[in-house]
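Okay, so here's the structure we're looking at.
This is a predicted model, so every value here is computed, not measured. Numbered from 1 within each chain, the chains take letters A, B, ... in sequence-line order. All heavy atoms count here, side chains included; hydrogens, waters and symmetry mates do not.
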Protein chains: 2
Amino acid sequence: MTASAVRAETRPSLRKRAGNGAATRDVADDVGLDALVGHAGYAVRRFQIWIFQDFIKTLGEVDIRPTQYSVLTVIGANPGLSQMAVAKRLGIERARLVHLLDSLERRKLVKRIKSKEDRRSHALHLTAQGETALAKFKRLAAEHERHVEAKIGKENRAHLLRILAGFT
Amino acid sequence: MTASAVRAETRPSLRKRAGNGAATRDVADDVGLDALVGHAGYAVRRFQIWIFQDFIKTLGEVDIRPTQYSVLTVIGANPGLSQMAVAKRLGIERARLVHLLDSLERRKLVKRIKSKEDRRSHALHLTAQGETALAKFKRLAAEHERHVEAKIGKENRAHLLRILAGFT
DNA sequence: CGACAATTGTTGTCGTCAACAACAATCTTC
DNA sequence: GAAGATTGTTGTTGACGACAACAATTGTCG
């Protein structure tokens, strides 16, 4: 629909130039309305925006964003982790995790417990309230995942997860 | 897939933690993600971050970021578009496009020409300098795309583009 | 043992980006 | 011609990644 919108107000000429032979070597000259189509980053970015928006909307009733969900999930699966460990695992900076945990702690979903072995670090745990809340979040997240399936197809989603498995 | 992921969460599954007496400091690299695997959004987000970082690095010598590149590409392929049309095509807000164009115009890559038919809007064009610059950007972008191929495989990249074709 | 380096959590700044809201100038429509 | 919509612009808010600096603590090594 975006493409048609553009085409509607563009001059009606100059479509794709089919010259250039069959060469695959020079993508640089592949100029046209769809020059961005061949770029993986663009497609991935648009897809990621769509996914996040659906996630935020689907988890909107519980006010949980993707990053918060990932933090809760990791802590729930590995109780006692330090902030550094969680940050490293999720690929976020420990400086940013501080604010995320502040918010989640204010909502009584997680708690920081001073570690005895290393008095610099905090052992992260879900509260009882956090456990039951996370269970609900996961049900909603599963619903969101079904939206993704409905959008790109069940097999495509599975294939995509396989392709990108190395990044998790 | 999501069903198994969700089911796995009901069990606390404290695998290697729980060692209260053992003073073995775990290295935080082998933290179980468990439920996070199986979420398309998480994999896509991590992949998108990787792609953008490689793009920014590969196009670093010319100081062009992904969004700037997409704007230049669309204008180059469709000279005379209005800002509204470009914004709609790229899925960015017109408010944000203003700053992007300010920057690109300062660098003499694009120019805003007051439209004669609609005196509210600007017709966007590449400058001559912008055209030659974009050619170079596209060569570097193609190099970046080869990095993506090297990362996930040529066929996987092609398949991924096919799966996400609807989002471009 | 003690000086020095490294780590952990924290605070702060900077820049990117999406989402809104408001506004003047300019069409569009009735 | 008046009311309403559109276009570009400015501004604000909040999430987010990247850095830098710091105190407290731990680890290392001479």
| request: Compute the ring centroids of B:Tyr69 and B:Phe55, then answer whether they are less than 6.0 Å apart. | output: yes
| message | So, under a plain 3.5 Å distance rule, would you say the side chain of A:Arg94 forms a donor-acceptor pair with the base of C:dG9? | response | yes
| query | So does B:Arg120 get a side-chain nitrogen or oxygen closer than 4.0 Å to the phosphate oxygens (OP1/OP2) of C:dA24? | reply | no
| Test log, rule side chain to side chain contact (heavy atoms under 4.5 Å, CB included), inputs B:Arg65 and B:Leu59 | CA-CA 7 Å; B:Arg65 313 190 91 252; B:Leu59 288 256; over 6 Å; no
| Hey, does the side chain of B:Arg119 come within less than 4.0 Å of C:dC27's phosphate (OP1/OP2), counting only N and O? | yes
| field | Under 3.5 Å side-chain donor-acceptor pair for B:Ser115 and B:Glu117 | value | yes
| task | Rounded off to whole Å, could you give me the CG-to-C1' distance for the A:Leu101 and C:dT11 pair? | result | 15 Å
| request: Run the salt-bridge test on A:Lys111 and A:Glu105 with the 4.0 Å N-O cut-off and return the result as yes or no. | output: no
| query | Do you know the tightest heavy-atom contact between B:Ala87 and B:Glu93? | reply | CB-C, 4.2 Å
| field | Close residues, residues 103-114 of chain A, relative to DNA chain C [heavy-atom separation under 4.0 Å] | value | A:Arg112
| said: Expressed as a whole number of angstroms, how long is the span from A:Leu81:CG to C:dT8:C1'? | reply: 14 Å
| said: Just N and O in the side chain of A:Thr67: are any of them under 4.0 Å from OP1 or OP2 of D:dC16? | reply: yes
| query | If each of B:Ala95 and A:Gln68 is mapped to the nucleotide of DNA chain D with the nearest heavy atom, which maps nearer the 5' terminus, i.e. the 5' end? | reply | B:Ala95
| Roughly how many Å is it from CG in A:Leu100 to C1' in C:dT11, rounded to a whole number? | 15 Å
| task | Treat each ILVMFWY residue as a node, draw an edge where side-chain heavy atoms are under 4.5 Å apart, and state whether A:Ile75 and A:Leu134 are in one component. | result | yes
